[in-house]
Amino acid sequence: MLEPPSILQTEGAAKGREDGRDRPVIASLGQFRWNSRVVVIFPDKDNSRTARQENQLMAARPGLQERDVVVLKVSGESVRPLLGAAEDMKEQALAGELARDLAAPPPGEFMAFLVGKDGTVKLTIGQPITAAELFAIIDAMPMRAGETARN
């Protein structure tokens, strides 16, 4: 049985805010702003938590796509799109910018971030999160409620 994720930060997620007020916008993810939510994964040294997180997310592809989620994995000096990323992404330059903008953990420590469509960090976790938990956080956001109402 997996242990529940260690949620380090849930800026706006508890209130469901996705309006960008009072929180810094992650400039390095500007190409996704207002179009996609982004999950950014920084892998652990032995890749065990990273593999669990990737498996959780990739098993839920339809739900991620429905919620406009892009999944990126930052490894060293490169960024690898795992789901839905733009083809023209400048992977080399983006890795360092993401690490700086998201206050990434030291190399070899697992951490994942959820960045909302407004470009602000909604969730920071130090343990893998299930797709259902991630969907519950996203679905509580007013912007997502508006998307659901329109469909």
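Along the sequence shown, residues carry numbers from 1.
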Residue pair Val71, Met58: steps toward the side-chain contact (heavy atoms from CB on, under 4.5 Å) verdict: CA-CA 9 Å; Val71 180; Met58 294 307 106; 4.3 Å; yes
What verdict does the side-chain contact (heavy atoms from CB on, under 4.5 Å) test give for Met111 and Thr124, after you've listed the backbone C-alpha separation in whole Å, the side-chain angles of each residue and the deciding distance to 0.1 Å? CA-CA 7 Å; Met111 192 163 286; Thr124 302; 3.7 Å; yes
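- Judged by distance alone, with hydrogens and angles left aside, the side-chain atoms of Asp44 form a donor-acceptor pair with the main-chain N or O of Ser48 at under 3.5 Å.
- In the model, Glu133 has a side-chain atom that pairs as donor or acceptor with a side-chain atom of Thr130 under 3.5 Å.
- Listed by first then second residue, pairs satisfying ring pair (Phe, Tyr, Trp, His ring centres under 6.0 Å) with a partner in residues 36-59 read Phe42-Phe113, not counting sequence neighbours.
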Before you tell me yes or no, could you show the steps for Arg49 and Glu54 under salt bridge (charged side-chain N to carboxylate O under 4.0 Å, His left out), namely the whole-Å CA-CA distance, both residues' side-chain angles and the distance that decides it to 0.1 Å? CA-CA 9 Å; Arg49 287 178 282 173; Glu54 287 179 30; over 6 Å; no
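- The closest side-chain heavy-atom distance from Lys45 to Glu109 is not below 4.5 Å.
- With sequence neighbours excluded, no residue satisfies side chain to side chain donor-acceptor pair (under 3.5 Å) with Ser75.
- Contact check for Val115 versus Thr120: no side-chain heavy atoms found under the 4.5 Å cut-off.
- Listed for the Arg37 side chain is a donor-acceptor partner under 3.5 Å among the backbone atoms of Arg67.
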Check step by step if salt bridge (charged side-chain N to carboxylate O under 4.0 Å, His left out) holds for Arg100 and Glu97. CA-CA 5 Å; Arg100 181 195 65 234; Glu97 292 174 20; 5.1 Å; no
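- To the nearest 0.5 Å, atom CG of residue Leu94 and atom OG of residue Ser78 are 10.0 Å apart.
- Under a 4.0 Å N-O distance rule, the pair Glu66/Arg144 qualifies as a salt bridge.
- Residues meeting the salt bridge (Lys or Arg N to Asp or Glu O under 4.0 Å) test with Asp101, sequence neighbours left out: none.
- Here the side chain of Arg33 pairs a donor or acceptor atom with the backbone of Asp118 at under 3.5 angstrom.
- Contact record, Gln53 with Ile41: CG-CD1, 3.9 Å, taken as the closest heavy-atom pair.
- Among Leu82, Val40, Leu83, the one residue that satisfies the side-chain contact (heavy atoms from CB on, under 4.5 Å) test with Lys73 is Leu82.
- The side-chain heavy atoms of Val69 and Leu114, taken from C-beta on, include no pair separated by under 4.5 Å.
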Let me see the working for Ile129 and Leu123 under side-chain contact (heavy atoms from CB on, under 4.5 Å), right down to the final yes or no. CA-CA 11 Å; Ile129 189 172; Leu123 177 71; 3.7 Å; yes
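- Counting heavy atoms from C-beta outward, Asn35 and Asp68 have side chains that stay 4.5 Å or more apart.
- Across all non-hydrogen atoms, the minimal contact from Leu72 to Leu98 is CD1-CD1, 4.5 Å.
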Residue pair Leu64, Val70: steps toward the side-chain contact (heavy atoms from CB on, under 4.5 Å) verdict: CA-CA 8 Å; Leu64 292 169; Val70 168; over 6 Å; no
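- The two atoms that bring Pro128 and Ile125 nearest to each other are C-CD1, 4.3 Å, heavy atoms only.
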